[in-house]
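For reference, the structure is listed below as structure tokens.
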Amino acid sequence: MLVVDISRLSKSFTRGKRALDNVSLQVREGEMVALIGASGSGKSTLIRHIAGLLRGDRDGGKIEVFGEVIQQNGRISRGARKVRADIGVVFQQFNLVSRLSVLTNVLTGMLGRVPAWRGSLCLFTKAERMRAMTALKRVGIDGHATKKARNLSGGQQQRAAIARTITQGARLILADEPIASLDPASSRKVMNTLDRVNREDNVTVIVSLHQVDYARDYCTRTIAMRDGEVVFDGPSTELTPEFLRELYGEYSSELFAPTPEAIPASGEAAKKDLAYVTS
Amino acid sequence: MNSSISTSAATAADLPPRDLKRSGISFLLWAFILGLLAWSWEGADMRPMALIENSGNMVDFADGFFPPDFLMWKYYVSEMWITIQIAIWGTALAIVCSIPFGILCSENIVPFWVYQPVRRLMDSFRAINEMVFAMLFVVAVGLGPFAGVLALWIHTTGVLAKLFSEAVEAIDPEPVEGIRATGANGLQEVIFGVIPQVLPLWISYSLYRFESNVRSATVLGIVGAGGIGMVLWEYIRAFYYAETAAVMIIIIISVSLLDMISQRLRKLVT
């Protein structure tokens, strides 16, 4: 079954540069697909289009998710909000509401499923609360349920965001650079969690990554982007350093995680890294 | 030898050149401010000499205030309570109305054809002083505290809706997007994504408005809208200066106390 079907999608931002250029691709149920590319190559833009958070150009591009049109010819379709309930989005900056408790944040995953008045008043049933707690247990942070989201570490917040998509009952998870702001240990935990959700629940996962190593370790299929175009779509095992150099030239070095001895211990480097990630 | 050479070289460094444009602008600015003050002198009927010439009268007048007459203090205190109660209700109703109006004034939440008219409505609520509203409501609902509550309600709604919307416009959009991505509707985006972010600021603004509403409520009585202001106005008109002094002291004490309490509370939330 086709989960995502994108045909001839383009997106130009006002400054004229094409963020997405005639992108067509399909993702089948149960796949775990990596989306790689340097910063500015259009990975995030593509993911935000699939979630219906951005509109494409008005030149006939179309995105279907689970067979329902989510946007077509630069218009978000009326049914987009219904489809969104089946799509869980995990963001680079976690996008949790920092002042709410972790449990409430995870419960917001239910908003697309419960009657609007009940969701708006934050009246969730015991079963729904239990469902959220179960999700938190699966990602291993059930002990932090009553803490405010901002008091968790980055890795824990990202796992809470994944718990939100589990509670949501999402059948497709779009993860937009989920590990770009995290240290290597937390990154592994987050990727393992995504991997488990993919294998155990047969949830389709599209994850954009900065570093090819993770793509090779976790995803069988990789889609590589450059300047808004899909330049490679195939098995991750083909992504050798030589091939990447061919694809990206001088930029290929930024797609590999620095080896541990290459990481300077000073906070200066960490700051630089962060600036790089957010730019 | 060497060191003395390097020192003299350092002292010989030139001062940065004078920025003519900047000093020109600053000169014009001062000239404008002084000109403005001079122009307003006549209109404001400024007569500093009158203060000195009539100093004898002033001393006699001030003499009348001492000693303050607290004989009726129970009455003053009960009227002060009414004043505070007017402020409580006026502020509470305004907060309730400012939440939807504040959201509807925010350009990152609603389209311009919503926020523009709502903003203009709030401007008009704010532009007219609560004393004017009080005079109108005294005519509409009769003399007494209720007219004061209505006056504070309208004026404070105009002020708080603006402050609330400024807080909403400064929020972080990412959590809102996170909520939207779950399939939540627009109202739920506001409830779960926006309000948790702005709540501390909203509470702080509301408390601050409560403080200033207590101050405003003390004068609302002058136009017949109840509370301590009514007492004050009657004493002043009847030349009962000793009683006037007592009432003023009670106002000063209660307003300062409330300011202090509210300031503490505001520090707690932010």
Side-chain angles (χ1 to χ4, degrees), chain A residues 47-48 50-54 76 79-101 104-122 148-150 157-158 160-161 164-170 172-176 278, chain B residues 95-104 106-114 163-207 265-270:
Chain A
I47 281 185
R48 291 161 62 80
I50 302 173
L53 295 170
L54 272 180
I76 305 283
R81 200 164 75 76
K82 265 204 123 83
V83 188
R84 269 192 209 134
D86 286 326
I87 308 175
V89 188
V90 175
F91 300 87
Q92 181 184 339
Q93 297 302 335
F94 330 125
N95 290 20
L96 298 176
V97 185
S98 58
R99 285 179 186 280
L100 295 181
S101 73
T104 309
N105 266 293
V106 172
L107 274 166
T108 60
M110 297 297 303
L111 287 175
R113 308 245 177 229
V114 302
W117 67 271
R118 204 151 63 76
S120 303
L121 295 173
C122 203
K148 283 188 177 180
R150 63 167 165 199
Q157 287 196 42
Q158 196 58 294
R164 177 163 72 183
T165 69
I166 296 174
T167 311
Q168 197 182 329
L172 164 65
I173 291 181
L174 302 169
D176 182 11
T278 49
Chain B
I95 292 169
V96 171
C97 295
S98 300
I99 292 169
F101 277 131
I103 300 281
L104 293 174
S106 310
E107 61 185 10
N108 53 345
I109 306 288
V110 294
F112 79 96
W113 48 267
V114 175
L163 292 173
F164 282 10
S165 76
E166 277 173 8
V168 170
E169 284 172 2
I171 59 163
D172 184 1
E174 287 167 347
V176 185
E177 204 167 54
I179 299 289
R180 184 180 310 148
T182 65
N185 66 27
L187 179 65
Q188 290 168 338
E189 281 174 36
V190 171
I191 292 172
F192 289 95
V194 177
I195 291 184
Q197 291 193 54
V198 294
L199 202 58
L201 219 58
W202 281 12
I203 292 173
S204 167
Y205 288 150
S206 302
L207 283 169
L265 286 174
R266 280 194 283 135
K267 282 209 176 117
L268 273 185
V269 291
T270 46

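Just so it is clear: chains get the letters A, B, ... in the order the sequence lines come, proteins before strands, and each one is counted from 1. On a predicted model such as this, the values are computed, not experimentally measured, just so you know. All values below were derived from every heavy atom in this structure, side-chain atoms included, with hydrogens, water molecules and symmetry-related copies excluded.
Inter-residue side-chain proximity for Phe91(A) and Glu174(B) is flagged as unmet; no heavy-atom pair is nearer than 4.5 Å.
With a 4.5 angstrom heavy-atom cutoff, Arg113(A) does not touch chain B via any of its atoms. Contacts of Ala116(A) with chain B are made by both backbone and side-chain atoms, with heavy-atom separations under 4.5 Å.
The two residues Ser120(A) and Ile191(B) come nearest to each other via the heavy atoms O-CD1, 3.4 Å. Heavy atoms only, all atoms of each residue included: Val97(A) and Gly193(B) are closest at CG2-CA, 4.2 Å. When all heavy atoms are compared, the tightest approach of Gln197(B) to Arg99(A) is O-NE, 4.0 Å. Closest approach of Thr182(B) to Thr108(A), counting heavy atoms only: OG1-O, 3.4 Å. Nearest approach of Leu100(A) to Phe192(B), heavy atoms of both residues: CD1-O, 3.7 Å.
Chosen from Gly52(A), Cys122(A), Gly88(A), the residue pairing most often with chain B at heavy-atom distances under 4.5 Å is Cys122(A). No other option in Val83(A), Thr104(A), Asn105(A), Leu53(A) has as many heavy-atom pairs under 4.5 Å with chain B as Leu53(A).
Rounding to the nearest 0.5 Å places CZ of Arg180(B) at 10.5 Å from CG of Asn95(A).
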